[in-house]
Each structure stands twice: as C-alpha cells, then as structure tokens.
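Here is the structure we will look at, set down as structure tokens.
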Amino acid sequence: MYKLEWKEEYSVGVKLFDDQHKNLLSNLNRIIGIFNDSGSKEEVEKLLEDLEQYALIHFKSEEEIFTKFKYYGSEIHNQEHRLYEKKINDFRTKFHASDEKVNTEVLEFLADWLMGHIQGTDKEYKRFLNNNGVF
Ligand SMILES: [Fe+2]
C-alpha cells in the first residue's frame with residue numbers, strides 16, 4: 001500500500017490544522033509502513049492507539065474553533081469526525097481481539113477517508129475561518 005503525501009494544495013488555510021493533518025498522515029504512514037513490512041501485531045496496535053489519540057486531539061481543535069466562531073457547517077462536519085473516531089475504535093478493538101494482521105481494506109478506508117475529509121469537508125471552512133481572522 002502506498003504512503004500518503006501532504007501537498008500544498010491540501011492546505012486548509014489554518015497553520016495549526018495543516019500541521020495536525022501532516023501529523024495524522026505520518027501516523028497513518030507509520031501503520032502502512034509496518035503493514036508493508038508485515039510487522040508485528042503489537043507494533044500495529046500501538047500505532048493504531050497513537051492514531052486514535054491524535055485524531056481525537058485534532059478533531060477537538062477544529063471543533064473548538066468552530067464553536068468559537070459559530071461556524072455554520074459545524075454540525076455535519078463534527079458528525080463526520082464522530083464516524084471516523086468510531087471507525088478507528090471499532091477497527092482497533094476488532095484487531096486486538098483477532099489473530100489477524102492488519103486488514104488492508106480497513107487501512108485503505110482510514111487513509112481514503114482522511115484524504116477525502118482534508119480535501120473536501122475541511123476545505124469548506126477555509127474561507128469562513130480566514131474571514132474571521134483565523135489563519
Ligand atoms: Fe475535520
């Protein structure tokens with residue numbers, strides 16, 4: 001599976017969020033790397049936990065700004081975050097309980113969702129936040 005790459009065109013216009021997105025991509029890349037090298041279950045579990053923790057921190061950062069500036073798109077946006085959190089958590093729980101190695105389909109889902117979210121839903125707040133003086 002290919003590693004993910006952050007590009008300037010993915011910028012959402014807010015430095016903190018761009019930095020967090022880059023970190024999320026490297027978290028996922030670490031998991032993809034271990035998957036590609038067929039690493040151990042323990043290693044994958046540890047990294048999944050890191051990914052989950054970091055995703056929670058990042059979503060919270062975005063949502064705090066949405067609340068602060070009463071962002072009109074926050075409801076739908078936050079729902080997407082909840083779904084992703086659930087997906088990671090479900091996967092982590094299932095993975096922990098099984099003897100399987102990391103499932104490439106779920107890994108691809110996690111990667112595709114994140115890339116799509118950054119380039120779609122996240123991009124939508126760019127103009128709004130920038131107009132409110134958040135960069
Ligand atoms: Fe988001």
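Given the structure is predicted, the values throughout are model-derived calculations rather than measurements. We count ligands from 1, going down the list as the structure has it; atoms in each ligand are counted the same way. The figures here come from the full heavy-atom set of this structure, side chains too, leaving out hydrogens, waters and symmetry mates. Residues: numbered from 1 along the sequence shown.
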Open item on the list: Can you tell me if, anywhere in H58, an N/O/S atom lies at a distance from the Fe ion (ligand 1) that is smaller than 2.8 Å?
Closed with: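 Not a single backbone or side-chain N, O or S atom of H58 is under 2.8 Å from the Fe ion (ligand 1).
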Task: N, O or S atom of E80 closer to the Fe ion (ligand 1) than 2.8 Å - done: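 No, E80 does not qualify, because none of its backbone or side-chain N, O or S atoms lies under 2.8 Å.
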Atom of [X] nearest the Fe ion (ligand 1) (restricted to N/O/S, atom name only):
| X | value |
| --- | --- |
| H81 | NE2 |
| D122 | OD1 |
| E62 | OE1 |

Task: Geometric class of the H77/Y71 ring pair [parallel <30°, tilted 30-60°, perpendicular >60°] - done: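 Rings of Y71 and H77: perpendicular, over 60°.
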- [ ] Give, rounded to 10 degrees, the angle between NE2 (H117) and NE2 (H77) as seen from the Fe ion (ligand 1).
- [x]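 My answer is 90°, to the nearest 10°.
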Open item on the list: Do the side chains of E45 and R92 get close enough for a salt bridge, i.e. N-O under 4.0 angstrom?
Closed with: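 No salt bridge links E45 with R92.
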Open item on the list: Could you go through Q20 and Y54, starting from their C-alpha distance and side-chain angles, then the distance that decides it, and tell me whether this counts as side chain to side chain donor-acceptor pair (under 3.5 Å)?
Closed with: CA-CA 8 Å; Q20 290 180 334; Y54 198 77; 4.6 Å; no
Open item on the list: Less than 3.5 Å apart, any donor N or O on the side chain of S40 or E43 sitting next to an acceptor on the other?
Closed with: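 Result is yes, a qualifying pair exists.
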- [ ] Count the heavy atoms of every other residue, nucleotide or ligand shown that sit under 6.0 Å from CZ of R127, and state whether that count exceeds 12.
- [x]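 Counting neighbours around CZ of R127, 12 or fewer heavy atoms of other residues, nucleotides or ligands fall under 6.0 Å, so no.
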